[in-house]
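Here's the structure we're looking at; comments come further down.
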Amino acid sequence: MLQVQFIRDHKETVLKGLAKRNFENAESIIEEVLSADEKRRATQVSLDNTLAESNKISKEIGAFFKSGEIQKASLLKEKTGQLKEQSKALSEALNEHTTALQSLLFQIPNIPHTSVKAGNSEDENERIFSEGTIPNLGKNALPHWELAKKYNIIDFELGNKLTGAGFPVYKGKGAKLQRALINYFLDKNTQAGYTEVQVPHLVNEASAMATGQLPDKEGQMYHCPEDDLYLIPTAEIPITNMFRGNLLQKSDFPITCTGYTPCFRREAGSYGAHVRGLNRLHQFDKVEIVRIEHPENSYNALNTMVEHIKSILRELKLPYRILRLCGGDTGFTAALTFDFEVFSTAQDRWLEISSASNFETFQANRLKLRFKNKEGKSELAHTLNGSALALPRVLAGILENYQTAEGIQIPEVLIPYTGFSMIN
RNA sequence: AGAGAGGUGGCCGAGUGGUCGAAGGCGCACGCCUGGAAAGUGUGUAUACGGCAACGUAUCGAGGGUUCGAAUCCCUUCCUCUCUGCCA
């Protein structure tokens, strides 16, 4: 959530930023925000004055009671009745203006970083880096869902029976490979200095609000109404919320965490080949990295994350590229996002396997995650996160790119984790 | 699920109707002391909103109520802990 003060002081910047996202009616919603804010402040001033008056009289009444001047006290009492009604009306108005302002602010996405280009869709994302060689598999190359069946390592039908579409069952070497990937990623992340955490897979409403999944995006999460809890669509929610409401010291920076969790996404409304196999699931595994940073350092930190993710893909020897998302494709809460995509040779397409973002103060504002600055004032921290990495598409990439006539080779770095070097 | 206890500042913790934004401690900042440090010692130290500022207002889990006046009394609600039950 943007800070009102920021919108007030930097209206042009905000409008330009929203234009990059192709955010509709930016002009009018910003005007609404400003007018709601103005009303709110004006109401607050009158309310404050009324209450000040009333407080003053109360003190006088107290003094009269003490000195035994009961009559004077009762006279004043009458006066407070009026003030009370006034202040009640004013505080109701204040409440209305505050909620109105709040719900407007909830609709406004983060302002993109200056490096982000305007654009409407993923077609306008900028390719900024690519590495690795695309293997020559010949014409018998199979997509991963065929390979999964051929080697009996992932059973989609069985998942359908147990739960429904998008909940695969991993079997044998497939299951072991999943576990190997999780351990490998966690080891890489902890070696890079991230503290490993294990967090709940269900979160309350306050947590989902603070990282921006609520309000408005509740349709994307599974919800347990009995207890009013949400299944996490990403570990970003519990991990970032560990620091909700915290007031940090300068020496606490940087905070770096990594955690493995399953992720649950309802993801309604996508069909066809693009969602086949592992391409899009309702439940999948992901290892996440999260950083809480001083604002001055957050973009360095984002680069550090990007370099870290690169090093993992390099070790896995997967051909990948990095995109800087354009305004329209950048998530609601992010200021700058780099997507990592692995080339899935047999499908002849790129699969997103990681996304690293700087949210600047957008989440911190909702999280009330602050630190004491040099002047001793509290200031919002910056939050960042990225996947390192999301499993299913990495798995798809490995299965497809490492397929041979004899079976699927296991990338060298994973062999210590799997205990086998070939799926056949 | 049943019974009980409790939620107060960065943290711990006192506070049962006005003098309480709140004792005390810890932490933190600055100073003294010291060759330097530790210890000791002095001072300062909540947040938000409005205001150029003086200052005003609000906040003692949240929301209502009683009262001229509520951290304190009443109601509702959320959360945490302990015991009992159930269970990995």
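Computed over heavy atoms, backbone and side chain alike; hydrogens, waters and symmetry mates excluded.
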Report yes or no: do A/Gln86 and A/Glu53 form a side-chain donor-acceptor pair below 3.5 Å?
no
Does one side chain, of A/Asp285 or A/Gln178, offer a donor that lies under 3.5 Å from an acceptor on the other?
yes
Would you kindly say whether A/Asp37 and A/His97 are connected by a side-chain donor-acceptor distance under 3.5 Å?
no
Could you pull out all residues at least two apart from A/His10 that satisfy ring-ring contact (aromatic ring centres under 6.0 Å, His included)?
A/Phe6
Assess, by modelled atom type and distance only, whether the side chains of A/Ser344 and A/Glu400 contain a donor and an acceptor separated by less than 3.5 Å.
yes
Please give the distance between the C1' atoms of B/U67 and B/C74 as a whole number of Å.
12 Å
Please report the distance separating the P of B/G6 from the corresponding atom of B/G13, rounded so that it comes out in whole Å.
14 Å
Starting at CG of A/Asp252 and ending at P of B/G27, how long is that distance when rounded to a whole Å?
16 Å
For A/Leu247 and B/G9, give me the distance from atom CG to atom C1', rounded to whole Å.
11 Å
If we take the P atom in both B/G15 and B/A23, what is their distance in whole Å?
14 Å
Going by distance alone, is a donor N or O of one side chain under 3.5 Å from an acceptor N or O of the other, for A/Asn297 and A/His382?
no
Base partner of B/G31, which must satisfy Watson-Crick or wobble distances under 3.5 Å:
B/U41
Whether the A/Asn204 and A/Ser207 side chains hold a donor-acceptor pair (N or O, under 3.5 Å, no angle test) is what I'd like checked.
yes
Distance under 6.0 Å and angle within 45° of ring axis: A/Lys310 vs A/Phe129:
yes
Quote, to the nearest angstrom, the C1' distance that separates B/G61 from B/C79.
7 Å
A/His97 NE2 - B/G50 C1' separation (whole Å):
16 Å
Write down the partner of B/U47 under the Watson-Crick or G-U wobble criteria, each distance required to be under 3.5 Å.
B/A58
With no hydrogens and no angle check, just 3.5 Å: does a side-chain donor-acceptor pair link A/Gln220 and A/Gln213?
no
Applying the Watson-Crick and G-U wobble criteria at under 3.5 Å, what pairs with B/C73? Answer none if nothing qualifies.
B/G65
Paired with A/Lys176, the side-chain contact (heavy atoms from CB on, under 4.5 Å) test is passed by just one of A/Phe420, A/Tyr170, A/Tyr417, namely A/Phe420
In whole angstrom, give the distance that lies between atom CG of A/Leu369 and atom P of B/A48.
14 Å
B/G56 versus B/U72 - spacing of their P atoms, nearest Å
23 Å
Would you measure the distance from the C1' atom in B/A39 across to the matching atom in B/A62 and give it in whole Å?
45 Å
In this structure, how many angstroms lie between the P atom of B/C79 and the CZ atom of A/Arg244, rounded?
13 Å
B/G24 -> Watson-Crick or G-U wobble partner, both distances under 3.5 Å, gives B/C12
Nearest-Å distance for atom pair CG/C1', residues A/Leu94 and B/A48:
12 Å
Nucleotide B/C49, atom C1' - distance to CZ of A/Phe6 in whole Å:
20 Å
For each nucleotide in nucleotides 52-68 of chain B, reading 5' to 3', give B when a protein heavy atom comes within less than 4.0 Å of its base, S when such contact involves only the sugar-phosphate, and - otherwise.
----BSS------S-BB
What is the pairing partner of B/U82, taking Watson-Crick or G-U wobble pairs with both distances under 3.5 Å in any strand?
B/A3
Say we look at B/G17 and B/G65: how far apart would their C1' atoms be, to the nearest angstrom?
16 Å
What is the separation between atom CD on A/Glu379 and atom C1' on B/A48, rounded to the nearest whole Å?
16 Å
How does protein contact run along nucleotides 71-78 of chain B, one letter per nucleotide 5' to 3', with B for base contact, S for sugar-phosphate only, - for none, heavy atoms under 4.0 Å?
--------
When rounded to the nearest Å, what value does the distance between C1' atoms of B/G42 and B/U80 take?
40 Å
CA sep, side-chain torsions, deciding dist, call: A/Glu31, A/Lys11, salt bridge (charged side-chain N to carboxylate O under 4.0 Å, His left out):
CA-CA 9 Å; A/Glu31 284 312 319; A/Lys11 187 176 148 188; 2.7 Å; yes
Select from A/Asp227 and A/Arg41 the residue whose nearest nucleotide in RNA chain B is closer to the 5' end of that strand.
A/Arg41
